[in-house]
Amino acid sequence: MQQPATHPQTIEEAASLIRAGEICAFATETVYGLGADATNPDAVLKIYQAKARPRFNPLIVHCADLNMAARLVEFSPLAQRLAEVFWPGPLTLVLPLKPDAGISDIVTAGLSTLAVRVPGLETARALIAAVGRPLAAPSANPSGRLSPTSAAQVRRAFDDQVPVLDGGACSAGLESTIIAVDGERLVQLRAGALPLADIERMAGGIIERAGDGDAVAAPGMLKSHYAPASRLRLDAKAPRPGEAFLAFADSPVHEGPTRNLSPTGNLEEAARNLFAMLQALDDEGAATIAVAPIPNAGLGEAINDRLKRAAAPRT
Ligand code: TXA
Ligand code: MG
């Protein structure tokens, strides 16, 4: 067994690691990210290696503020408005990459667009500002596994071989919503922590949803993802004997291992608990986790998206 990683204790320590071309996991309001200097191809390569992430799957670049993002991508007037309203926060915008942005091809997987966001968590923005460069950061999990919402989950997922700046538990618990902006046209590439209805209200129109396999879809939206070791049985009104149960609201009482995403039926609470509770039930080793029906409104869309991928046959 290799030595465990040395974990930075302060933002400054994490920033110097990243400036030196190393990777470091850090908290955001959505999930933990595995960060590297987005302008350093060797550093970004270490992210792909640590995650065993396919090279065709581009990374989100995290900026300290809108000014930093505006040096990297072209903002249409609509994109600018979305950024002004929802940043800092769990919205990722896919915009045309500026040719002189200094972002390596390995970040974009060769696309002419770049996904950018300004995280809502203040310590995340402070880290980016301390590095002084944009940070490429996918979720801090081995490719295809559950996304981590605590530092302990990240350490475990990588056998303690990756440095982690502990920023506490993530408040949203689900990844950012990804919107591609193409002039006046908006396409949701991934449902996430910012409900689509909030964006539609601001943008004053209906937003298209990219489907699996669509040309515009995010390359990383694989059918099987977020996969626990257990199998998932979705829309389970009642669990069967021997199953573990991921309950919601007033689900029936169950003899076996049970977690309730939100006893009061609150979708924000359910989103925050989703990955940690799936992980906890998975750890208890049941062959199947029955999952209670979750309403598909608001944040329910993103929760159901993650559950569907977690339940999909593994390829
Ligand atoms: O909340 C989040 O977004 C977290 C935190 C760490 O910020 N990050 C995250 O990154 O979820 P990741 O790599 O797990 O998911 C990024 C998704 C992938 O599905 C990827 O294919 C897509 O964004 N993506 C990145 N760049 C893209 C682009 N230029 N066009 C379309 N999709 C893109
Ligand atoms: Mg991910």
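For ligands, and for the atoms within them, numbers begin at 1 and follow the listed sequence. Because only heavy atoms are used, hydrogens play no part in the values below, and waters and symmetry mates are left out as well, while side chains stay in.
For a distance threshold of 2.8 Å, the protein N, O or S atoms nearer than that to the Mg ion (ligand 2), listed by chain and number, are S139 OG.
Ion pairing between D283 and R156 holds under the 4.0 Å rule for side-chain N and carboxylate O. With respect to R125 and E29, no salt bridge is recorded, no charged nitrogen being found less than 4.0 Å from a carboxylate O. Here R309 pairs with D305 in a salt bridge; the nearest charged N to carboxylate O distance falls below 4.0 Å.
Between the CG atom in L186 and the CE atom in M202 there is a gap of 9.0 Å [rounded to 0.5 Å].
Across L93, I47, N57, V94, heavy-atom proximity to atom 30 (N) of ligand 1 is greatest for V94.
Looking at ligand 1, you won't find any N or O of T28 less than 3.5 Å from one of its N or O atoms. Considering backbone and side-chain N/O atoms, E175 never comes within less than 3.5 Å of an N/O atom of ligand 1. Residue S176 has at least one nitrogen or oxygen atom sitting less than 3.5 Å from a nitrogen or oxygen atom of ligand 1, judged on distance alone.
Within a 6.0 Å sphere centred on CD of E268, heavy atoms belonging to other residues, nucleotides or ligands number 12 at most.
Remark: the S262 side chain and the R272 side chain contain no N/O donor-acceptor pair separated by less than 3.5 Å. The closest side-chain donor-acceptor pair between R240 and T288, if any, does not fall under 3.5 angstrom. Between the side chains of T92 and S176, at least one donor N or O lies within less than 3.5 Å of an accepting N or O. S147 and E175 are linked by a side-chain donor-acceptor pair at a separation below 3.5 angstrom, with hydrogens and angles left out of the test.
Annotation for ligand 1: atoms under 4.0 Å from non-hydrogen atoms of L111 are 28 (C), 29 (N), 30 (N). The G33 neighbourhood of ligand 1 comprises atoms 6 (C), with distances under 4.0 Å to a heavy atom of that residue. Close contacts of ligand 1 with S139, meaning ligand atoms under 4.0 Å from a residue heavy atom, involve 8 (N), 9 (C), 10 (O), 12 (P), 14 (O). Of all atoms in ligand 1, listed by their number and element, those nearer than 4.0 Å to a heavy atom of R190 are 2 (C), 3 (O), 9 (C), 11 (O), 15 (O), 16 (C), 17 (C). Short contacts between ligand 1 and A218, defined as distances under 4.0 Å to a heavy atom of the residue, involve ligand atoms 19 (O), 21 (O), 22 (C), 31 (C), 32 (N). Set against the non-hydrogen atoms of H62, the atoms of ligand 1 under 4.0 Å away are 5 (C), 6 (C), 7 (O). When each atom of ligand 1 is checked for a heavy atom of R53 under 4.0 Å away, the hits are 13 (O).
Contact of the L82 side chain with the I199 side chain is registered, since non-hydrogen atoms from C-beta on lie closer than 4.5 Å. By the 4.5 Å heavy-atom criterion applied to side chains, D160 and H7 are counted as neighbours.
When heavy-atom distances to ligand 1 are checked against a 4.0 Å cut-off, I178 comes that close only through its side chain, counted from C-beta outward. Neither the backbone nor the side chain of K51 comes within 4.0 Å of ligand 1, counting heavy atoms alone.
Here the shortest heavy-atom pairing between A286 and S230 reads O-OG, 2.9 Å. Closest non-hydrogen pair, Y32 versus L165, comes out as CE2-O, 3.8 Å.
For the ligand labelled ligand 1, residue T108 lies outside the 4.0 Å heavy-atom shell.
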